[in-house]
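Note on naming: letters A, B, ... go to the chains in the order of the sequence lines (proteins, then strands), and numbering restarts at 1 for each one.
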Number of protein chains: 2
Amino acid sequence: MLTDRQALILQVIIDEFIETAQPIGSRNIAKKDHISYSPATIRNDMADLEEAGYLVKTHSSSGRIPSEKGYRFYVDHMLSPFSLSTEEMQVIKSQFNDRMIEMEKVMQNSAHILSELTQYTTLVLGPEVYETKLKQLQIVPINKQSAIAILVTDTGHVEHRSFAVPHTIDHSDLEKVVNILNQKLVGVPIIYLDRMIESEVLDLLNQYTSNYQKSYDLIHNALFGHQTTSLYVSGKSNILMQPEFNDIEKARSLFNVLENEEKMAPMLKADEEGIHISIGHENAMEAMNHSTLITATYTVGNEQIGTIALLGPTRMEYAKAVSLLDVWSRHMSQSLHKWFKD
Amino acid sequence: MLTDRQALILQVIIDEFIETAQPIGSRNIAKKDHISYSPATIRNDMADLEEAGYLVKTHSSSGRIPSEKGYRFYVDHMLSPFSLSTEEMQVIKSQFNDRMIEMEKVMQNSAHILSELTQYTTLVLGPEVYETKLKQLQIVPINKQSAIAILVTDTGHVEHRSFAVPHTIDHSDLEKVVNILNQKLVGVPIIYLDRMIESEVLDLLNQYTSNYQKSYDLIHNALFGHQTTSLYVSGKSNILMQPEFNDIEKARSLFNVLENEEKMAPMLKADEEGIHISIGHENAMEAMNHSTLITATYTVGNEQIGTIALLGPTRMEYAKAVSLLDVWSRHMSQSLHKWFKD
DNA sequence: GTTAGCACTTGGATGTTCCGAGTGCTAATG
DNA sequence: CATTAGCACTCGGAACATCCAAGTGCTAAC
């Protein structure tokens, strides 16, 4: 176990390294006001800390830098509550005071503002649509050959998709189908739409319209061909600002992952509520082995859980990042709750 | 004026430099099969080309690289028609065969595929909405306090925005307003909506609903608070792959511009149809002084002009880029035309 | 247990040398 | 008289040496 002094030294080193990105030597630690030990004493403790795996050297006579284990200890045991500046709180509050609101916009905006506030890359993953229910279905004919299907959910989410209408199908057929679908399906959770249609609607359709099969196919394709996870990323270029990515290769591989929604989304899926931190090699993806990902969950209504995350170098301002995510996710949950569930 | 031989040498140097990114020396040119002059002769011509401003040296005893003027001459007089590979044509055609179509998706997809095909950054700017007309307006109430306004245009574009509904306003009021708006406004070009409302609709509204002013304000805000230019960017990280951006500062400043829609959109606005090339300092923006931007216009229906563009280093594969943009923009225009204008 | 002292290590900055690839110029050449 | 061979010259980059600051580990003293 670590002695108090060792823990203190570890903390100073990490705090300092987070700020400067330079290896820290014993002399510099000794100079700190709240440190009253000699460099030699500190050197001994540093040697112990290194042996225990919390610190590493970049070369045999360099100062120490934190290892991933060091960061892990730091976030688990030393994260002092960080108080956000009044300006920062101001920005956050003003975000959620806005009269107009829409889930997509909230997520997009959150990503944007948080990346400005932190200088890290921000990712926002929309909630899984377990509970979201169909509010309304609409078909708007555009011309003889095409129409747009619009689906609105009770969370205010709008999906739309245009599709080609073959000559054999009349717009009145489509209309009938839509009417029937609306009658039967409004209020049904999105994820059950599919099987609900199979069991309840198909027969009915058959009675009303001769061309029902084709019309139905069309609408079905238009609405369910979608992939519905939504990922918003902002501040990617902040990555380039970090000195650890002066090695352009690291930046490249990280960018490649970030641009790939399929790869990123699973990393953000939360298995439990709250804040979670993945440091360096704790991230499954190799390109992220020099990065830290901090995720926080937010909720929409009762059960729907989305994730908001910050991605930065392992040398991250953990305290600030965690506080910001914490505050933000609370505000976001609250705000979304207020609007979408009476 | 350039002699034939000088033009040939210029072409060889540019072709070679585009491929290797290395300065070209006289000996290497002389080694080419189709070159039958001695290095000394070539050196003389190179000295002339340098004096005339088509080539520059990186230092006094280096080989030559093309200047921006050199590239300009190259694209104006030497661009040999580049035939795309059958695979490339395949990809392009398959893109526009797809049954489902939607303008947003087409643009998004185009950006994506072109950046894959070229390894440059692709930008697609949606058309100005001069002619687009309102097809349908819709309000979907979500709960007591909020509703979503959906606007569909005759090009299949869907805008939506949710807004808060104050207690003083009834949903039936909103409904009335929407009905009136639809009656009066369907078929009106989007850009005239605003003044059409002023002149034709306000009085009418007054008669029907007592609360009209507030309802109207709400809807107005919801629909016209939007900014409607749409810019899709794909393959930003391709920038990092180019050796000219090994200098991370250049990459940073370019990224900053690219992430700023307000700055990029004007650069893409086309004053005339066709393909346009801006090399290095021909670009107004300083961050783009080491890049070339090639833009091509596409049309939707009769008059609406959008832009599709490739951004790369000045050392760009001009022939390929131009051919691709040319082919793509034609296909895109054709495809959009077919779908949205009977 | 803590600290002062000291020999030792290392990366990085600076300077020197050397070489290859290139140039410009001059004189010879067909 | 346009082309070419020859040659002296230039420059950047790689390789190597030197030096210094910042740091370490260890030992002996406090």
| At under 4.0 Å, does any side-chain N or O of Arg27(A) touch on OP1 or OP2 of dA21(D)? | no
| query | Reckon Thr58(A) touches a base, only the sugar-phosphate, or nothing at all at heavy-atom distances under 4.0 Å? | reply | nothing
| task | Measure from the side-chain heavy atoms of Arg64(A) and tell me the nearest of dG12(D), dG22(C), dT24(D). | result | dT24(D)
| field | Parallel, tilted or perpendicular: rings of Tyr54(B) and Phe73(B) (30°, 60°) | value | perpendicular
| field | Met78(A) CE to Gln11(A) CD distance, which is reported to the nearest 0.5 Å | value | 5.0 Å
| Reckon Ser62(A) has a side-chain N or O less than 4.0 Å from the OP1 or OP2 of dA22(D)? | no
| Taking atom P of dG25(D) as reference, at what distance in whole Å does atom CG of Leu49(A) sit? | 12 Å
| Candidates dA5(D), dT3(D), dC26(D) - which lies nearest the side chain of Ala40(B) | dA5(D)
| request: Please state whether the phosphate of dC11(D), meaning OP1 or OP2, lies under 4.0 angstrom from any side-chain nitrogen or oxygen of Ser60(B). | output: yes
| Of the listed nucleotides dA5(D), dG25(D), dG24(C), the one nearest the side chain of Arg43(B) | dG24(C)
| query | When the distance from CD1 of Ile42(A) to C1' of dC26(D) is rounded to whole Å, what number comes out? | reply | 17 Å
| query | Whole Å only: how far is the CD1 atom of Ile9(A) from the P atom of dT2(C)? | reply | 10 Å
| Can Thr295(A) and Leu125(A) be said to form a side-chain contact (heavy atoms from CB on, under 4.5 Å), step by step? | CA-CA 10 Å; Thr295(A) 62; Leu125(A) 184 68; over 6 Å; no
| In terms of ring plane angle, is the pair Tyr318(B) and Tyr74(B) parallel, tilted or perpendicular, where the classes change at 30° and 60°? | perpendicular
| said: Can you confirm whether the side chains of His281(B) and Glu68(B) place a donor and an acceptor under 3.5 Å from each other? | reply: yes
| query | CG of Asn44(B) versus P of dA2(D): gap in Å, rounded? | reply | 11 Å
| Atom NZ of Lys57(B) with >12 non-hydrogen neighbours under 6.0 angstrom | yes
| request: Side chain of Tyr37(A) only, please: which of dT23(C), dA22(D), dT3(C) is the nearest? | output: dT3(C)
| request: Can you tell me the distance, in whole Å, between the CE atom of Met46(B) and the P atom of dT4(D)? | output: 15 Å
| task | Tell me what Asp45(A) touches on the nucleic acid: a base, only sugar-phosphate, or nothing, going by heavy atoms under 4.0 Å. | result | nothing
| task | Would you kindly give the CG-to-P distance between Asn28(B) and dG20(C), to the nearest whole Å? | result | 16 Å
| query | What's the CG-P distance between Leu55(B) and dG22(C), to the nearest Å? | reply | 15 Å
| remark: Ile65(B) CD1 to dT23(C) C1', in whole Å, measures 16 Å
| message | With a cut-off of less than 4.0 Å, is there a side-chain N or O of Lys57(B) near OP1 or OP2 of dG24(C)? | response | yes
| request: Counting heavy atoms from C-beta on, name the nucleotide in dT9(C), dT2(C), dG24(C) closest to the side chain of Ala47(B). | output: dG24(C)
| field | N or O in side chain of Ser38(B) less than 4.0 angstrom from dT4(D) OP1/OP2 | value | yes
| Does Arg5(A) put a side-chain nitrogen or oxygen below 4.0 Å from OP1 or OP2 of dG1(C)? | no
| request: Look at the side chain of Thr41(B) against the base of dT3(D) and say whether a donor-acceptor pair falls under 3.5 Å; ignore hydrogens and angles. | output: no
